[in-house]
Amino acid sequence: MSITKKIQESAVESLTHLYEQEFNEKDFQVSQTNPEFEGDYTIVLFSLIKNLKKSPDVIGKELGDYIVKNYSLLFSKYNIIKGFLNLTVTDNYWFDLLNKNYNDVCFGKHAMNGKKIMVEYSSPNTNKPLHLGHLRNNFLGWSVAEILKANGYDVVKSCIVNDRGIHICKSMIAWQMFGNMETPESTKTKGDHFVGEYYVKFNDEYKREVEELISKGVEKDKAEKEAPIMQRAQKMLLDWENNKPEVIDLWKKMNAWVYKGFDVTYKRIGSDFDKTYYESNTYLLGKQIVEEGLAKKVFIKDDDGSIWIDLTEDGLDKKIVQRKDGTSVYITQDIGLAEKKYEEYKIDKSIYVIGDEQNYHMKVLKLIAEKLDLPNAKNIFHLSYGMVELPSGKMKSREGTVVDADDMVDEMIATAKQHTEELGKVKDFEEHELQQLFETIGLGAMKFYLLRVDPKKRMIFNPEESIDFHGFTGPFVQYTYARIQSVLKKVTSNLPIAIGIPVTGNRQPATNLLSLEKELILTLEQYSQIIEQAATELNPSVIANYIFHLAKTFNSFYTEHSIANAESEDKKQVRLQIATMTANVIKSSMQLLGIPVPERM
RNA sequence: GGUCCGGUAGCUCAGUUGGAUAGAGCAUCAGCCUUCUAAGCUGAGGGUCAUUGGUUCGAAUCCAAUCCGGAUCACCA
């Protein structure tokens, strides 16, 4: 049980006993004591004065006396300042906590709870390579999945690949027109980049044709529809839907190139999926649901045969769910897939990691599912995140103004290499260890950078200013970890017995905790609640902020107090335990962000 | 225009179930490496918490209005 919870409970019991009436945890607040006051945790008394009709000072004194006297294992003393009851927790409580947990690599994580959650993320299009926005999506999805696992959920990571549609045909047409039968192999280009180039070529040609038509006096709207290359793309889409063999072959061939490229990128950034759905397999889903919806009168058929749902009563609009030609639209496919996910996995919650430009779409999706009484309707949750933009504005793959994911990763690793070499600490590293270190640091910096911000906020990335390696960054935390490992190795190599031997029996160390030591233990103790909070909010930045605070506190402690040459043997043991536990929590929490930590750097 | 999201230090961001003098990082300035890794540590300067009003012992946090920025409101996906 967390210390906060213990304090709440002891205060509730004390108040109930003192004033002979019912209290509960919500009657007062417990928070960490501000550093400028003496004490560890503070009970805010103002909310009690109305009920008890006593001054905060009187309540504080009565409660303080009682709680310190009756919970002497927990509290050693108290003070009252202006309505705040500051309690000091006994050193023994903290020693005990350290002893029990310092070497537990699972500290803070929760037991399995029997619930299953699907997290869908990444969702790439097979007509272009991944860019910086996809990286944010991937890192978020991965991290949220890990955070949920740490909270005891059974997590299924899924991905829906957008492998069909007009945009895919565009790359295909362009390759037919300009490709000269070249391949990724023949041009030594990564497959996804190779195909992406043709997507850009399509749009260049399309633009040229539209302008040509306009110059001949055709109106803009008409020109956009009549440009020959666009008509070819639309024809190809029809051929694809009719399973025309040569179109299907080309589609398969080009998609295979893209997948090969994606695999390389996913592997590099550490993304993977338990289940991959392909839109080419799922785009017909939902048709049956349309039938059922019509029967239930949730949907209405228009005179022209198209099918609609009216959401105006819910403050939204009318939405089409099936075209007059009988084909299903985006939202219908999504409802079908949502249902399929539930049937296949019997999930308790379905999380979609999708950009905030789809907020409206996801709201509609959930609402339709609810109106249809689908069993999973209430469990659909959209984890919406803000776009990553450049200082010049939005990234547009059509115009080539994107920060490419692979380039970005390359650059980060190169920067890591440069920084590391400048510092000159790695002279005795083997070549493969060095390469791994550069990747750990470079990718760590990038993941931390993208995850430390609240997902729902859009962020501006300036490629001119490279991602920092100092301060609130991944490498800062990694460095803290490596330094702890270095100390532990040094100290324990002189001691054949495992470090941080628990202080045996009931004997407590003959030492008092210094403020930095206590602050560290207090921070470590909170880890479990931080994991919970991150899961409730589906927000990895909670973890990132926590790790940074922990690492920062440790660094202050490290500079201020020696571990190896501590003032006494007891002190040394306590500090070794603190260092070990800090390292464990850093490693475990960085893992929740998908960032590995190096043993040395 | 409707709906949703955001506005906190020069920049990037924490803090929002109401609590003590609003915090970090970067940048700027001043210090700290013969002692466990200086990718570190210590300190300084820097704030109309967008604006106005309200709620109360107390508001960056809650309510209302306004201003600014963004997203969205397709028989595209």
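Given the structure is predicted, the values throughout are model-derived calculations rather than measurements. Residue numbering restarts at 1 for every chain, and letters A, B, ... go by the order of the sequence lines.
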When only distance counts, do a donor and an acceptor, one from the side chain of [X] and one from the base of [N], lie under 3.5 Å apart?
X: A:Asp304; N: B:rC75; value: yes
X: A:Asp334; N: B:rA77; value: no
X: A:Thr33; N: B:rA20; value: no

So, [X] versus [Y], ring centres under 6.0 angstrom or not?
X: A:Phe548; Y: A:Phe448; result: no
X: A:Tyr352; Y: A:His382; result: no
X: A:Phe476; Y: A:Tyr479; result: no
X: A:Trp240; Y: A:Tyr283; result: yes

Original post:
Base, backbone or nothing for each nucleotide of nucleotides 6-12 of chain B, written B, S, -, heavy atoms under 4.0 angstrom, 5' to 3'?
Top reply: SS----S

So what does [X] touch, heavy atoms closer than 4.0 Å: a base, only the sugar-phosphate, or nothing?
X: A:Asn86; value: base
X: A:Ala482; value: base
X: A:Phe469; value: base
X: A:Phe46; value: base
X: A:Thr420; value: base
X: A:Tyr479; value: base
X: A:Gln478; value: nothing

List every contact pair, protein side and nucleotides 33-36 of chain B side both N or O, where the distance is under 3.5 Å.
residue, atom, partner, partner atom, Å
B:rC36, O3', A:Lys490, NZ, 3.4
B:rC36, O2, A:Ile563, N, 3.3
B:rC36, O2, A:Ala564, N, 3.0
B:rC36, N3, A:Ile563, N, 3.0
B:rC36, N4, A:Tyr558, O, 2.3
B:rC36, N4, A:His561, O, 2.6

Original post:
Are A:Thr327 and B:rC75 close enough that a side-chain N or O sits under 4.0 Å from OP1 or OP2?
Top reply: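 Indeed not, no polar side-chain atom of A:Thr327 lies that close.
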
**OP:** Determine if A:Tyr360 stacks with B:rA71; use a centre-to-centre distance below 5.5 Å and an interplanar angle below 30° as the criteria.
**Re:**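 Stacking between A:Tyr360 and B:rA71: absent.
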
Among [options], which is the nearest nucleotide to the side chain of [X]?
X: A:Asn34; options: B:rA77, B:rG40, B:rA20; value: B:rA20
X: A:Lys363; options: B:rU3, B:rA77, B:rG70; value: B:rU3
X: A:Ile166; options: B:rC76, B:rA77, B:rG40; value: B:rC76

**OP:** Treat a base pair as Watson-Crick or G-U wobble with both distances under 3.5 Å, then lay out RNA chain B in dot-bracket form, 5' to 3', with | for cross-strand pairs.
**Re:** ((((((((.[[[[.)...(...]]]].(((((.......))))).....[[[[[..)....]]]]])))))))....

To the nearest Å, give me how far apart [atom1] ([X]) and [atom2] ([N]) are.
X: A:Lys318; N: B:rU3; atom1: NZ; atom2: P; result: 20 Å
X: A:Ile354; N: B:rU72; atom1: CD1; atom2: C1'; result: 15 Å
X: A:Leu450; N: B:rC13; atom1: CG; atom2: P; result: 12 Å

Verify whether one side chain among [X] and [Y] offers a donor that lies under 3.5 Å from an acceptor in the other.
X: A:Tyr360; Y: A:Asp317; answer: yes
X: A:Asp570; Y: A:Ser568; answer: no
X: A:Thr126; Y: A:Asn255; answer: yes
X: A:Asp454; Y: A:Ser541; answer: no

Suppose you measure atom [atom1] in [N] against the same atom in [M]; what distance do you get, rounded to whole Å?
N: B:rC33; M: B:rG40; atom1: C1'; answer: 10 Å
N: B:rG45; M: B:rA59; atom1: C1'; answer: 28 Å
N: B:rA9; M: B:rA44; atom1: C1'; answer: 15 Å
N: B:rU61; M: B:rA22; atom1: C1'; answer: 11 Å
N: B:rG1; M: B:rU8; atom1: P; answer: 24 Å

**OP:** Validate the cation-pi geometry between A:Arg136 and A:Tyr449: distance from NZ or CZ to the six-membered ring centre under 6.0 Å, angle to the ring axis within 45°.
**Re:**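 Judged by the rule (NZ or CZ under 6.0 Å from the ring centre, within 45° of its axis), A:Arg136 is not positioned above A:Tyr449.
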
Please list each protein N or O that sits under 3.5 Å from an N or O in nucleotides 27-32 of chain B, with the distance.
none

Original post:
Counting distance only, does the side-chain N/O of A:Asp302 pair as donor-acceptor with the main-chain N or O of A:Trp308 below 3.5 Å?
Top reply: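 Checking the backbone N and O of A:Trp308 against the side chain of A:Asp302, no donor-acceptor pair under 3.5 Å is found.
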
Original post:
Which of residues 437-447 of chain A have a heavy atom under 4.0 Å from RNA chain B?
Top reply: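 Hits under 4.0 Å, by residue number: A:Ile441.
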
Subject >> Neighbours of RNA chain B within residues 548-555 of chain A, by heavy-atom distance under 4.0 Å >> reply: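 Of all residues in residues 548-555 of chain A, the ones placing a heavy atom under 4.0 Å from RNA chain B are A:Phe548, A:Lys552, A:Asn555.
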
Original post:
Hey, is A:Glu291 close enough to A:Lys287 for a salt bridge, meaning N to O under 4.0 Å?
Top reply: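 Not counted as a salt bridge, because no side-chain N and carboxylate O are separated by less than 4.0 Å.
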
Original post:
Where does B:rC33 land, syn or anti, once you apply the within-90°-of-0 test for syn?
Top reply: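 The base of B:rC33 is oriented syn (glycosidic angle within 90° of 0).
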
